Protein chains: 2
Amino acid sequence: MSAPESSTKVYIEIVKQLRNMIQVEGYQAGDKLPSERELSERLSVGRSSVREAFRALELLGLIETRRGEGTFIRDFRGHNLVQLLSTFILQDDRARTDIKETKYLIEWDCLWLAAKKVSEEELQSFRNWAESTVYTDDEFFYHIILLADNHLFMRMWTILKDYYNSLKFDQEPVAKADYIKLVDSLLSYNEQLIKDQYCKIRNLSSI
Amino acid sequence: MSAPESSTKVYIEIVKQLRNMIQVEGYQAGDKLPSERELSERLSVGRSSVREAFRALELLGLIETRRGEGTFIRDFRGHNLVQLLSTFILQDDRARTDIKETKYLIEWDCLWLAAKKVSEEELQSFRNWAESTVYTDDEFFYHIILLADNHLFMRMWTILKDYYNSLKFDQEPVAKADYIKLVDSLLSYNEQLIKDQYCKIRNLSSI
DNA sequence: AACAGAAACTGGTCTGACCACTGTGTTGAA
DNA sequence: TTCAACACAGTGGTCAGACCAGTTTCTGTT
């Protein structure tokens with residue numbers, strides 16, 4: 001490999017080449033990447049440098065390597081990062097407050113989006129599900145986020161939920177009737193009503 | 001190192017040990033970690049396995065390694081992840097819509113938080129800055145996010161901003177007077193006024 | 001056609017060599 | 001006494017090679 005300018009590390013260059021290759025050749029989740037040895041030859045770098053790049057991407061949850069089989073693009077899940085990042089980032093006392101605040105606001109954003117986007121039939125269907133099913137708070141809001149139809153919020157919420165749960169807040173169980181009331185407020189398309197009902201569920205004075 | 005149960009890879013075990021060590025021994029940003037060779041001996045693993053673990057954490061932006069000096073805990077910045085994750089995750093046409101939607105809602109959330117948290121003096125001081133300074137849209141909203149005083153939103157917004165900018169949306173410049181009006185609406189503590197003014201800046205019918 | 005075994009592929013871990021950079025201590029000259 | 005140069009010991013960076021373990025493919029026999 002050509003001498004790196006501005007002393008970029010070889011494994012970083014390899015990560016860049018991999019990204020480029022994935023983009024240009026249109027790799028999808030489940031697709032197999034070239035083997036370590038093949039990339040080593042193709043890029044004229046040591047196999048251990050290729051392994052370093054693969055390891056880094058694997059820890060991110062972007063690829064997975066299987067002994068005897070190969071290296072594959074993964075369907076990304078953020079949950080690997082939560083456990084990792086939580087150790088390094090949110091260690092101060094402020095974290096708990098920020099997590100709570102952020103999770104609640106994103107839930108509210110998704111309620112708002114759901115109220116805007118979702119048809120009455122879909123809401124009715126969701127209400128039927130809410131009435132006839134036993135679910136956790138997470139499961140209920142997972143459905144809300146689905147209705148909001150924003151993949152990015154789904155990822156963020158999923159990460160926040162995992163981390164929020166790991167912090168073990170004291171949290172009174174929410175009565176099922178209150179969840180139903182929240183869905184009914186969505187059906188009413190009344191923003192203030194939705195807001196009031198969500199605040200009740202989360203014990204907030206306002207949002 | 002003891003034989004890994006359920007075939008966990010050695011570098012993953014090393015990452016776990018590092019996380020544990022950082023937590024238990026209370027490492028801070030800027031602190032130096034034990035050297036590759038020392039960890040190799042201490043954990044009874046190959047130096048290349050330690051390097052794999054370090055590389056992975058470095059790519060995440062959690063540590064940095066400097067030749068001849070050592071390995072240090074970094075003050076985390078999400079911006080390394082944006083460039084990386086964007087390639088693998090948000091590749092479908094939906095991404096653009098989701099990014100816009102999410103960024104705008106987080107900006108709104110932070111406006112709302114700022115309106116709740118910030119004293120009139122702070123707002124006045126910010127208004128003075130806004131009047132007397134030349135700034136970009138990003139710089140203006142960076143200050144809003146600072147006023148919201150939520151580290152998590154700051155990180156999320158920073159990541160979203162970078163990615164949003166990389167997508168190169170057509171975006172008309174905002175008149176400085178409109179930024180000032182937004183600050184004034186904050187000073188009025190009138191949520192509807194804040195909302196209206198933000199919608200004007202972002203060309204939204206509602207939020 | 002089916003099956004068993006060999007071969008070739010894959011990733012996983014490690015050792016060792018050597019290079020390049022940095023920091024520290026020592027030494028000799030001014 | 002001070003300062004510059006040098007040696008040394010530490011650090012990370014890259015690589016080759018060896019060997020192991022799992023999976024897939026190929027080949028020969030029945």
Side-chain angles (χ1 to χ4, degrees), chain A residues 1-18 21-22 25 27 29-74 80, chain B residues 1-18 21-22 25 27-75 80:
Chain A
M1 199 168 204
S2 56
E5 277 162 49
S6 66
S7 297
T8 313
K9 291 160 179 171
V10 167
Y11 89 98
I12 292 289
E13 294 301 322
I14 296 168
V15 166
K16 285 175 181 170
Q17 297 254 16
L18 286 168
M21 197 183 77
I22 287 164
E25 295 176 41
Y27 279 82
D31 287 353
K32 187 176 167 182
L33 290 167
S35 70
E36 292 176 0
R37 290 173 177 86
E38 188 183 328
L39 279 174
S40 169
E41 272 187 50
R42 196 194 290 187
L43 304 179
S44 304
V45 295
R47 191 188 151 215
S48 56
S49 298
V50 174
R51 287 183 61 80
E52 285 178 354
F54 273 167
R55 290 306 201 199
L57 293 173
E58 186 177 39
L59 195 66
L60 278 167
L62 302 173
I63 64 168
E64 71 181 305
T65 68
R66 301 187 219 125
R67 182 198 289 201
E69 294 184 60
T71 305
F72 303 84
I73 305 284
R74 281 188 68 177
N80 279 4
Chain B
M1 200 169 206
S2 56
E5 274 159 52
S6 67
S7 297
T8 313
K9 290 159 180 171
V10 168
Y11 91 99
I12 292 289
E13 293 300 322
I14 296 168
V15 166
K16 285 174 182 172
Q17 296 253 18
L18 285 167
M21 198 182 76
I22 287 163
E25 294 175 44
Y27 280 82
Q28 304 292 329
D31 287 353
K32 186 175 168 185
L33 290 168
S35 71
E36 293 177 359
R37 290 171 177 89
E38 187 183 330
L39 279 175
S40 169
E41 274 186 51
R42 194 193 290 188
L43 303 180
S44 303
V45 295
R47 190 186 151 216
S48 56
S49 298
V50 174
R51 288 183 60 80
E52 286 177 355
F54 274 167
R55 289 306 200 200
L57 293 173
E58 187 176 39
L59 196 66
L60 278 166
L62 302 173
I63 63 168
E64 71 179 307
T65 68
R66 299 187 220 129
R67 181 198 289 203
E69 293 183 63
T71 304
F72 303 84
I73 305 286
R74 282 187 68 177
D75 193 5
N80 278 4

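The chains referred to below are lettered A, B, ... by the order of the sequence lines, with proteins before strands, and numbering in each begins at 1. Just so we're clear, the structure is a prediction, and the values are computed from it rather than from any experiment.
In this structure, a donor-acceptor pair under 3.5 Å is absent between the side chains of A:K16 and A:T8.
Across the interface with DNA chain D, nearest-nucleotide mapping of A:E52 and A:R67 shows A:E52 to be the residue nearer the 5′ end. Nucleotides of DNA chain C nearest to A:E69 and A:R51 differ in position, and the one nearer the 5' end is that of A:E69. Comparing B:G46 and B:R37, the nucleotide of DNA chain C nearest to each residue sits closer to the 5' end for B:G46. Mapping B:R47 and A:R47 onto DNA chain D via the closest heavy atom, the residue that lands nearer the 5' end is B:R47.
A heavy-atom distance below 4.5 Å is not found between the side chains of A:R51 and B:S48. In this structure, the side chains of B:I14 and B:L39 stay at 4.5 Å or more apart for every pair of heavy atoms. At a threshold of 4.5 Å between non-hydrogen side-chain atoms, the residues B:F54 and A:E52 do not count as touching. In this structure the side chain of B:R55 reaches within 4.5 angstrom of the side chain of B:T65, judged on heavy atoms.
Atom NZ in A:K9 sits roughly 12 Å away from atom C1' in D:dT14 (whole-Å rounding). Look at CG on A:L59: it is 13 Å from P on C:dG12, rounded to the nearest Å. As a whole-Å value, the separation of B:E36 CD from C:dA17 P is 17 Å. The OH-C1' distance, from B:Y11 to C:dC14, rounds to 17 Å in whole Å. If you measure from atom CD of B:E58 to atom C1' of D:dT11, you get 14 Å, rounded to the nearest angstrom. A:F54 places its CZ atom 10 Å from the P atom of C:dG12, with the value rounded to the nearest Å. One atom, CD of B:E13, and another, P of C:dG12, lie 14 Å apart when rounded to the nearest Å. Between the CD atom of A:E41 and the P atom of C:dT10 there is a distance of 10 Å, rounded to whole Å.
Between D:dC19, C:dT13, C:dC18, one nucleotide has an atom nearer to the side chain of B:V10 than all others, and that is C:dT13. The side chain of A:S35 approaches C:dT10 more closely than any other nucleotide in the set D:dG13, C:dT10, D:dC15.
Phosphate contact (OP1/OP2 of D:dG12, side-chain N/O of B:T71, threshold under 4.0 Å): present. Dashed line: the shortest gap from a side-chain N or O of B:S49 to OP1 or OP2 of C:dT13 is not under 4.0 Å. Contact between the side-chain N/O atoms of B:T65 and the OP1/OP2 oxygens of D:dG13 is found at a separation under 4.0 Å. An OP1 or OP2 oxygen of C:dG12 is reached within less than 4.0 angstrom by a side-chain nitrogen or oxygen of A:R55.
Among the atoms of the strands shown, only primed sugar atoms or phosphate atoms (P, OP1, OP2) are found under 4.0 Å from some heavy atom of A:R66. Residue B:G68 is in base contact, counting any heavy-atom pair closer than 4.0 Å across all strands shown. B:S48 comes within contact range of at least one nucleobase, with a heavy-atom separation under 4.0 Å.
With respect to the salt-bridge test (charged N to carboxylate O, under 4.0 angstrom), the residues B:E58 and A:K9 qualify.
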